[in-house]
Amino acid sequence: MMNMQNMMKQAQKLQKQMEQKQADLAATTFVGRSAQELVTATFTGDKKLVSIDFKEAVVDPEDLETLSDMTTQAINDAMSQIDAATKKTMGAFAGKMPF
């Protein structure tokens, strides 16, 4: 059985590793794309919006609904990528806590 001091050291080590992984994720760029890549949304791993770009073909003043739909699709795609990367990265720590 582990003594308390060793458990604390291990927990501190895991905490530092988790913080580094979170920082790495935050520094990663994720690009979400709509159908045919007409709209792209770029986020950082901590879900901060960097940019939204529109291809000329999707910008039609008479059809703002399509532009809105594609923008939503691109944003949701980027968020799904971030969630998957976060789960994969941070999930590695599940079960490693000494308590």
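If you're wondering where the values come from, they're calculated on a predicted model, not measured in any experiment. Positions are given from 1, in the same order as the sequence printed here. Excluded from the calculations below are hydrogen atoms, water molecules and symmetry mates; all remaining heavy atoms, backbone and side chain alike, are included.
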> Just how far is it from atom CD of Q81 to atom OG1 of T29, taken to the nearest 0.5 Å?
Replying inline: 11.0 Å
> Any side-chain heavy atom of Q17 within less than 4.5 Å of one from L14?
Replying inline: yes
> Side-chain contact, heavy-atom cut-off 4.5 Å: D83 with K47?
Replying inline: yes
> Which distance, rounded to the nearest 0.5 Å, do you find between the CD1 of I52 and the CE of M70?
Replying inline: 14.0 Å
>> Regarding Q73 and D77, do their side chains bring together a donor and an acceptor under 3.5 Å, going by distance alone?
In response: no
> What distance do D53 atom CG and T42 atom OG1 have between them, rounded to the nearest 0.5 Å?
Replying inline: 6.0 Å
> Pick one: which of K16, Q15, Q22 meets side chain to side chain donor-acceptor pair (under 3.5 Å) with E19?
Replying inline: Q15
>> Measuring from atom OG1 of T44 to atom CG of L49, what distance do you get when rounded to the nearest 0.5 angstrom?
In response: 9.0 Å
> Going through the distances and angles, do T71 and V58 end up as a side-chain contact (heavy atoms from CB on, under 4.5 Å)?
Replying inline: CA-CA 10 Å; T71 302; V58 76; over 6 Å; no
> Side chain of S68, backbone of L64: donor and acceptor closer than 3.5 Å?
Replying inline: no
> Hey, does M4 have a side-chain heavy atom less than 4.5 Å from the side chain of M7?
Replying inline: yes
N/O donor-acceptor pairs under 3.5 Å from side chains in residues 30-40, not counting sequence neighbours:
unit_1 : atom_1 : unit_2 : atom_2 : d
R33    : NH1    : V31    : O      : 3.1
S34    : OG     : L38    : N      : 3.4
S34    : OG     : V39    : N      : 3.0
S34    : OG     : V39    : O      : 3.4

>> Would a single hydrophobic cluster contain both F54 and V50, if residues Ile, Leu, Val, Met, Phe, Trp and Tyr are joined by side-chain heavy-atom contacts under 4.5 Å?
In response: no
> Taking only residues two or more places apart in sequence or in another chain, which ones pass side-chain hydrogen bond (donor to acceptor under 3.5 Å, both in side chains) with D24?
Replying inline: Q20
> Is the closest side-chain heavy-atom distance between D63 and L67 below 4.5 Å?
Replying inline: no
